[in-house]
Amino acid sequence: MKKTVIENLFPTPIYMTNMDRPFTKQELQFVEKQKNHCVKNEGNINTKDNYILNRKEFKNIKKFLDQCCKDYLERIISPKNNIELYTTQSWLNYTEENQYHHQHSHPNSVVSGVLYFNCDKKNDKIKFTNSKGYEQIKPETDQYNIWNSQTWWFELETGQLVMFPSSTIHQVETKKGTNTRISLAFNTFYKGTLGLNNNLTELIL
């Protein structure tokens with residue numbers, strides 16, 4: 001058989017990086033206090049404040065996330081126009097043992113991200129689901145890979161950032177381990193001019 005090549009066409013980018021420093025004592029104390037100011041979500045809890053990155057305690061974390069949004073924009077979206085990704089809403093999630101975070105996506109957002117303040121690499125994962133829809137004909141799978149899988153998960157660790165298109169379906173399955181899984185989630189949108197005036201596609205944001 002001649003050499004065979006399998007290309008990845010229209011892949012979903014999952015951007016992963018890590019903080020280049022540990023969280024400060026002030027940041028961790030703030031995160032711990034916010035647990036007392038939460039509302040119930042489906043399966044876990046999240047902060048009432050859903051603009052949490054505007055708080056002074058997260059000033060330096062916001063700078064890091066802004067840099068990552070810029071990197072994502074340049075490397076993945078690569079726009080011709082002078083636009084930027086800015087954070088819209090942001091909040092903290094707390095998930096205890098035997099809790100979960102329901103399957104969902106993030107409407108009215110371009111790119112979403114999750115920064116992890118407390119994770120057990122052995123047990124904590126983020127699970128993504130293929131959103132292409134129902135498969136009418138589906139043989140039983142012998143070995144799963146990125147082409148035949150309907151779901152895929154990644155192990156997580158403290159200080160890790162995961163960013164992805166906001167339409168990507170994701171969830172946290174029932175939590176194992178005794179640590180409290182703590183994450184900061186955020187949404188983004190474009191700022192600047194999209195499209196072209198002459199093509200009647202111009203959109204100024």
Side-chain angles (χ1 to χ4, degrees), residues 14-72 85-129 153-166 168-189:
I14 306 296
Y15 177 107
M16 292 187 284
T17 189
N18 288 77
M19 289 274 290
D20 55 3
R21 63 169 176 83
F23 295 111
T24 66
K25 183 178 180 180
Q26 182 187 35
E27 289 166 349
L28 292 174
Q29 287 178 340
F30 176 72
V31 168
E32 188 62 31
K33 287 180 181 178
Q34 291 307 302
K35 192 177 180 183
N36 297 320
H37 306 282
C38 285
V39 293
K40 188 176 180 181
N41 195 7
E42 185 179 335
N44 62 356
I45 60 173
N46 58 263
T47 51
K48 294 178 183 176
D49 185 352
N50 48 38
Y51 292 91
I52 203 82
L53 280 173
N54 293 341
R55 303 286 284 270
K56 66 181 188 300
E57 292 85 353
F58 279 167
K59 178 182 178 180
N60 292 325
I61 288 177
K62 188 176 187 304
K63 286 182 180 178
F64 166 72
L65 296 179
D66 287 343
Q67 290 173 351
C68 292
C69 285
K70 182 179 179 181
D71 188 45
Y72 186 107
L85 280 176
Y86 74 98
T87 301
T88 53
Q89 289 187 285
S90 53
W91 59 96
L92 290 166
N93 300 298
Y94 301 84
T95 309
E96 305 282 359
E97 185 177 12
N98 295 322
Q99 292 185 336
Y100 65 96
H101 202 153
H102 65 288
Q103 189 179 84
H104 64 287
S105 59
H106 293 233
N108 300 326
S109 175
V110 178
V111 177
S112 295
V114 191
L115 176 65
Y116 294 92
F117 281 90
N118 190 329
C119 269
D120 174 8
K121 191 173 182 179
K122 180 180 177 182
N123 292 308
D124 289 326
K125 302 174 179 66
I126 184 169
K127 182 179 179 181
F128 293 98
T129 298
W153 52 262
F154 296 96
E155 294 178 341
L156 302 167
E157 61 184 4
T158 299
Q160 187 171 4
L161 170 66
V162 182
M163 294 171 63
F164 45 88
S166 299
T168 311
I169 299 172
H170 56 287
Q171 70 187 94
V172 178
E173 294 188 317
T174 302
K175 166 123 181 64
K176 298 178 181 179
T178 57
N179 67 301
T180 300
R181 173 181 173 142
I182 305 175
S183 64
L184 186 158
F186 62 94
N187 289 330
T188 67
F189 209 76

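The figures that follow rest on heavy atoms only: side chains count, while hydrogens, waters and symmetry mates do not.
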Between Phe30 and Phe58, is the ring centre distance below 6.0 Å? yes
If we ignore hydrogens and angles and just use 3.5 Å, is the side chain of Gln160 paired with the main-chain N or O of Glu157 as donor and acceptor? yes
Minimum heavy-atom separation for Tyr94 to Val31, with atom names? OH-O, 2.5 Å
The reported gap from OG1 in Thr158 to CG in Leu28 (rounded to nearest 0.5 angstrom) is 9.5 Å
Would you call Lys35 and Glu96 a salt bridge, taking side-chain N to carboxylate O under 4.0 Å as the test? yes
When Asn41 is tested against each of Gln99, His101, His104 for side chain to side chain contact (heavy atoms under 4.5 Å, CB included), which residue passes? His101
State yes or no: are the ring centers of His170 and His102 separated by less than 6.0 Å? no
Derivation of the side chain to side chain contact (heavy atoms under 4.5 Å, CB included) call for Val172 and Lys125: CA-CA 7 Å; Val172 178; Lys125 302 174 179 66; over 6 Å; no
Taking the side chain as everything from C-beta on, heavy atoms only, tell me whether Thr17 gets closer than 4.5 Å to Cys68. yes
Please name the pair of heavy atoms, one in Lys176 and one in Asn123, separated by the smallest distance, quoted to 0.1 Å. O-CB, 3.5 Å
Rounded to the nearest 0.5 Å, what's the gap from CD on Glu97 to OG1 on Thr95? Could you check? 12.5 Å
Is there a side-chain contact between Ile182 and Asn93 (heavy atoms, below 4.5 Å)? no
Heavy-atom side-chain contact between Asp49 and His37 under 4.5 Å: no
Would Met19 and Leu161 satisfy side chain to side chain contact (heavy atoms under 4.5 Å, CB included), going step by step from the backbone distance to the final call? CA-CA 7 Å; Met19 289 274 290; Leu161 170 66; over 6 Å; no
Where do Val114 and Phe186 come nearest, in terms of heavy atoms and distance? N-CE2, 4.1 Å
Kindly give the heavy-atom pair with the smallest separation between Phe128 and Val162, and that separation in Å. CZ-CG1, 4.3 Å
For the NZ atom of Lys127 and the CH2 atom of Trp153, what is their distance to the nearest 0.5 Å? 11.0 Å
Spatial distance of atom OH (Tyr51) from atom CD (Gln89) [nearest 0.5 Å]: 4.0 Å
Kindly determine whether Thr88 and Phe189 satisfy side chain to side chain contact (heavy atoms under 4.5 Å, CB included), including the steps that lead there. CA-CA 7 Å; Thr88 53; Phe189 209 76; 3.9 Å; yes
Looking at OG1 of Thr87 and CG of Asn187, how far apart are the two atoms once the value is rounded to the nearest 0.5 Å? 9.0 Å
Presence of salt bridge, Lys62 and Asp66, under 4.0 angstrom: yes
Tested for side chain to side chain donor-acceptor pair (under 3.5 Å) against Lys175, the lone hit among Asp124, Asp120, Asn44 is Asp124
Which atom names give the shortest non-hydrogen contact between Phe164 and Tyr72, and what distance separates them? C-OH, 4.0 Å
With distance as the sole test, does Thr188 use its side chain to make a donor-acceptor pair with the main-chain N or O of Val111 at under 3.5 Å? yes
Whether the side chain of Ser166 engages the backbone of Ser112 through a donor-acceptor N/O pair (distance < 3.5 Å, no angle test) should be reported. yes
Can you list the steps and then say if Ile45 with Val39 is a side chain to side chain contact (heavy atoms under 4.5 Å, CB included)? CA-CA 6 Å; Ile45 60 173; Val39 293; over 6 Å; no
Could you tell me whether a side-chain N or O of Ser109 sits under 3.5 Å from a main-chain N or O of His106, the two making a donor and an acceptor? no
For the aromatic rings, using the six-membered ring if either is Trp, is the centroid distance between Phe117 and Phe23 under 6.0 Å? yes
Report yes if the side chains of Ile126 and Glu155 come closer than 4.5 Å at any heavy-atom pair, otherwise no. no
Test item: Tyr100 and Glu42 side chains (from C-beta on) under 4.5 Å apart, heavy atoms: yes
Output the distance between atom CG (Leu85) and atom CG (Leu65), rounded to the nearest 0.5 Å. 12.0 Å
Please say whether more than 12 non-hydrogen atoms of neighbouring residues, nucleotides or ligands are located less than 6.0 Å from CG in Asn36. yes
